[in-house]
Amino acid sequence: MKTFFFLSIFCITCTLPAFSQCLDDQKSLWLGLRNSLIFDLSTSTKLVHWNHTEDCCSWDGVECDVFGHVISLQLDGLSNLANLTHLNLSNAGFAGQVPSEVLRLKKLVSLDLSDNHYSSIVKLENPDLEMLVQNLKELKELYLDSVNISAQRNDCLASAVPDFSANFSRLTTLILTCCSLLGSFPQKILEMPSLQNLDLSGNMQLSGSFPQFPRGGSLRTIVLTNTNFSGSLPDSISNLTMLSRLELSNCRFFGPIPPTIGTLTELTYLDISLNNFTGSIPLFHLSKKLTYIDATRNSLMGSLSAMHFEGLSNPKLELDNNEFHGQVQELSNLSSSSLQELDVSSNHLEGPIPKFFSELDQLTVLSLSSTKFNGTVQLEMFKNPNLDTLDLSHNDLFVQSTDSDSGFPLLPNISWLKLVSCQLQRFPNLLRQSRLWNLDLSSNELRGEVPNWIWEIGNGSLRYLNLFNNLLHGFQKPCKFPSLRVLDLNSNQFQGELPIPPLSSRSVDYSHNFFTNSIPNDICVFLSNASATALQVLDLSANALTGGIPPCLLNKNWKLGVLNLGRNNISGTIPDTFSVNCSLQTLDLNNNVLKGKIPGSLVNCPSLEVLNIGNNRLEDTFPCMLLKNSLRVLILRSNKFYGDLQCTEAIQEVSNLQIIDISTNNFRGDMSLVSFSNWRGMISASGNNQSRSNQYLCYGFSEISGCGYQDTVTVTMKGLEIELTKILIIFTSIDFSNNKLYGKIPYSIGDLKSLYGLNLSHNELKGSIPASIGNLTQLGFLDLSVNKLTGTIPVELASLTSISFLNLSHNRLFGKIPEGPQFQTFSAASFEGNLGLYGCPVDTSCKKKRSKSI
Ligand SMILES: *[C@@H]1O[C@H](CO)[C@@H](O)[C@H](O)[C@H]1NC(C)=O
Ligand SMILES: *[C@@H]1O[C@H](CO)[C@@H](O)[C@H](O)[C@H]1NC(C)=O
Ligand SMILES: *[C@@H]1O[C@H](CO)[C@@H](O)[C@H](O)[C@H]1NC(C)=O
Ligand SMILES: *[C@@H]1O[C@H](CO)[C@@H](O)[C@H](O)[C@H]1NC(C)=O
Ligand SMILES: *[C@@H]1O[C@H](CO)[C@@H](O)[C@H](O)[C@H]1NC(C)=O
Ligand SMILES: *[C@@H]1O[C@H](CO)[C@@H](O)[C@H](O)[C@H]1NC(C)=O
Ligand SMILES: *[C@@H]1O[C@H](CO)[C@@H](O)[C@H](O)[C@H]1NC(C)=O
Ligand SMILES: *[C@@H]1O[C@H](CO)[C@@H](O)[C@H](O)[C@H]1NC(C)=O
Ligand SMILES: *[C@@H]1O[C@H](CO)[C@@H](O)[C@H](O)[C@H]1NC(C)=O
Ligand SMILES: *[C@@H]1O[C@H](CO)[C@@H](O)[C@H](O)[C@H]1NC(C)=O
Ligand SMILES: *[C@@H]1O[C@H](CO)[C@@H](O)[C@H](O)[C@H]1NC(C)=O
Ligand SMILES: *[C@@H]1O[C@H](CO)[C@@H](O)[C@H](O)[C@H]1NC(C)=O
């Protein structure tokens, strides 16, 4: 049997032009490889013939594609290399079963087959891990990251290591990251006398609890990150006296951290984040080498004191998102402490910020947000010479600073300062902060003008300035914002003409102010500037802007991803100038006085997810062409749209829509022809996917990690306008109300399994209510009022348990109102104005019954 791997040279293949001969750079690469290999010239049948004069595609053992890229390399001679001690085939693009030739390499000391997962998966089934173990007895290091060794059996790893200890006595490093392993912790592994490094991370199906650890184990590193291991960490962890690195992040461990862990004198790195450890954090007084403790997102409690930080060398402590409470005990002589990073945010610590925090000379990061600290804080207390990042946000603090300029920086070395919700009444004097680049002063009580020295901080080092939610009304002149990337003035009292955004900006938010006049044409000059094409988010919503939309905002190949001009007085038509490759993801023009049609060139924006043009004077037919692609939110509410809802070809492809509101228009058409079966966005329910259920629609951009811009829409429900400031990816609703739709409600409505809101009220719908509505188990809001619906209310409706608003009034329904737990909570008004509905809650006897039972 001839076994060989296919070796694809990925990076080289991507950008080359089409030649059918071996490419020069490919040839020299391979000759380089040949020269680096030590092989016997007299026995070699292939390598010896690789030389400059020949086309490398004709070399023996080499195969090229039509472009001259080497795509495969025959390594069947491999097993003759009986004296080979190190074989590293990592990251080489191999796929398929590991060849049995490898088992003949008896002298192998290290074998690395990791990360060959680009095209498909490398498997270790036959031979399997056990055979490898039994044959390669000299092996010290085995790297199998991303090799699929799950084979076909359960509990593979445990059964694959029956005699690891005896036969594999030299193994020091065993890396089995992301190997599709199943089963419980392979206890035998702990008996391997030389094993120092064990990595089982990324095997999500490994479960069960830790075994007891025998004394004197040689283990130095245990990595179990992203597995399903659970239970408590046994006391016997202290038997692993050589342990230096323990990583248990994102597993399902719980219970207290054994205090014995504090006796591990070699421990340097401890990551137990994202579990559910409880109890207090042990004192690590003996672990003098400990430099990193990450206990983020557990349920640790108790109080914190300086004793927790003492004696450790240069430690980084991440204790955020736990249940620590009480005042942090003060200690006076900590300046010698070498604590470097401390994050206790999102806990329940209270009282004043302890003074010793500001005396830690080595401290670079101090994050105290959302911890319930209170009292007055003088900013200059943080005189730690190395402090680079300080976050005091969201406490009950009253932060102040002296105004006088001492000639020295207020905070010696700060580059990242977050003071959100700190009751600031004045800008702290940060002029001399030469390294400051990220300043967040949002949700304070800053009033008046933004002082112009802010632009001179560190000679223009400031990149990110957030002044959201203050009482500011203008800029001190002259004002030039030099190198800002992100400027957020949202929710202040700025007036007059819009300031032209900083040239270098990526995101500019001027929304919720009192800016007037039209959008200055200078904005086009600004946008034409080369560096300005980097603008990705422009939010001018909720001001008092007038005039038209400058066509230039849309017509160049900007990277603009979010354009929000909603809630102004902008008039005219929407320019039909969306350029090819338009990258808009959100276009919000709602609540203006725009007229005309939806521009056809909007189809040039294939990534459009949110289109909100509600509350204008637009006059057009239903924009079928937009339903393709990625559109998730479509709001046409309160315009003069007309025609029917039939789309010839596009509607067949409707896929991702999750919110559609076409209410209060002049749509007239046969509702029964609308086929809901293609509305995947409302059927497949991203919501069924647990991991996405708490994600929001948002626009991420390069300067800020996570969600850079969060989309907001207003939906009308329960007669109220509800502003969804974060659009949950799983929120779905249909509002067709207030049109002239006729015909029956199609049965296929029942396919929209994840629908939350359905409003078809104020139309001319006929026929009966389809029983399939009873299949909409997520439905919370249903309004079919003021139509011409006939028949009885289907009993299936009464089985909807999540429904909290129901209006079937003013139809031609009759018969008994079905009984169900939720149905009885609605008032008679939900059913009034029909032909002859009876039963609770419309019968007067019900009221009596109810009042009796109360
Ligand atoms: C290069 O290889 C070819 C084919 O094996 C052989 O005929 C030729 O003599 C070699 N040339 C040199 C310079 O070694
Ligand atoms: C392996 O090494 C030994 C001793 O150095 C030598 O005798 C033997 O020929 C080598 N085998 C191969 C296949 O190179
Ligand atoms: C194998 O090679 C890769 C890439 O050069 C390297 O990152 C890795 O450390 C090597 N493996 C071993 C065991 O030396
Ligand atoms: C690993 O192999 C098993 C059995 O062949 C297979 O069921 C599983 O899907 C594979 N895993 C991956 C990630 O390819
Ligand atoms: C090695 O493994 C084999 C098979 O599991 C077993 O019979 C043998 O006792 C083990 N020990 C040694 C030292 O070979
Ligand atoms: C993890 O374990 C729990 C039970 O302890 C089980 O319900 C869950 O399905 C497991 N997850 C995976 C991915 O195996
Ligand atoms: C390991 O530690 C536990 C608890 O600390 C202890 O009871 C046990 O005797 C130790 N085991 C061995 C084999 O030493
Ligand atoms: C964590 O453990 C605590 C105490 O046992 C328990 O009340 C809580 O529900 C657990 N939290 C999670 C997310 O499992
Ligand atoms: C520092 O405080 C410790 C108690 O944590 C005390 O034992 C030690 O004597 C103090 N050192 C000085 C110089 O005050
Ligand atoms: C801070 O909170 C504590 C209770 O946690 C309270 O006793 C104290 O009066 C508060 N101090 C201030 C200044 O509000
Ligand atoms: C200020 O911080 C930077 C980076 O964190 C560091 O390299 C520098 O040494 C610090 N300067 C002082 C005076 O501590
Ligand atoms: C939907 O509801 C109808 C009527 O209640 C029922 O016959 C049908 O089986 C349901 N379909 C699904 C997919 O649940």
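Being a predicted model, the structure only gives us computed values, none of them experimental. Counting convention: from 1, in listed order, for ligands and their atoms alike.
- The nearest protein atom to atom 1 (C) of ligand 10, hydrogens excluded, is given as N374 ND2, 1.4 Å; this is a heavy-atom distance.
- Under the 4.0 angstrom criterion, atom 7 (O) of ligand 6 counts as lacking any protein heavy-atom contact.
- At the top of the distance list for atom 4 (C) of ligand 10, counting protein heavy atoms only, stands E350 OE2, 4.2 Å.
- Checked against a 3.5 angstrom limit, the closest N/O atoms of N228 and ligand 6 fall inside it.
- Numbered from 1 in the order shown, with element, the atoms of ligand 6 that lie under 4.0 Å from a heavy atom of M204 read 12 (C), 13 (C), 14 (O).
- For the pair T389/L387, no side-chain contact is recorded, criterion being any heavy-atom separation below 4.5 Å from C-beta on.
- A salt bridge does not link D391 with K418: every distance from a Lys NZ or Arg NE/NH1/NH2 to an Asp or Glu carboxylate oxygen is 4.0 Å or more.
- The shortest non-hydrogen separation linking T241 to E266 is O-CG, 3.7 Å.
- Remark: atom 14 (O) of ligand 10 lies closer than 4.0 Å to at least one protein heavy atom.
- For atom 11 (N) of ligand 10, the nearest protein heavy atom lies under 4.0 Å away.
- Looking only at atom types and distance, the side chain of T173 has a donor-acceptor partner in the side chain of N197 under 3.5 Å away.
- Using a 30° and 60° split on the angle between ring planes, F185 and F210 fall in the perpendicular class, above 60°.
- When only interatomic distances are considered, the shortest N/O to N/O separation between R252 and ligand 6 falls below 3.5 Å.
- Given atom 9 (O) of ligand 8, the protein heavy atom at minimum distance is N276 ND2, 4.7 Å.
- Between F373 and L349 the shortest side-chain heavy-atom distance falls below 4.5 Å.
- Polar contact with ligand 8: absent for T278 (N/O pair, distance under 3.5 Å).
- For the pair F253 and N298, the minimum side-chain heavy-atom distance is 4.5 Å or more.
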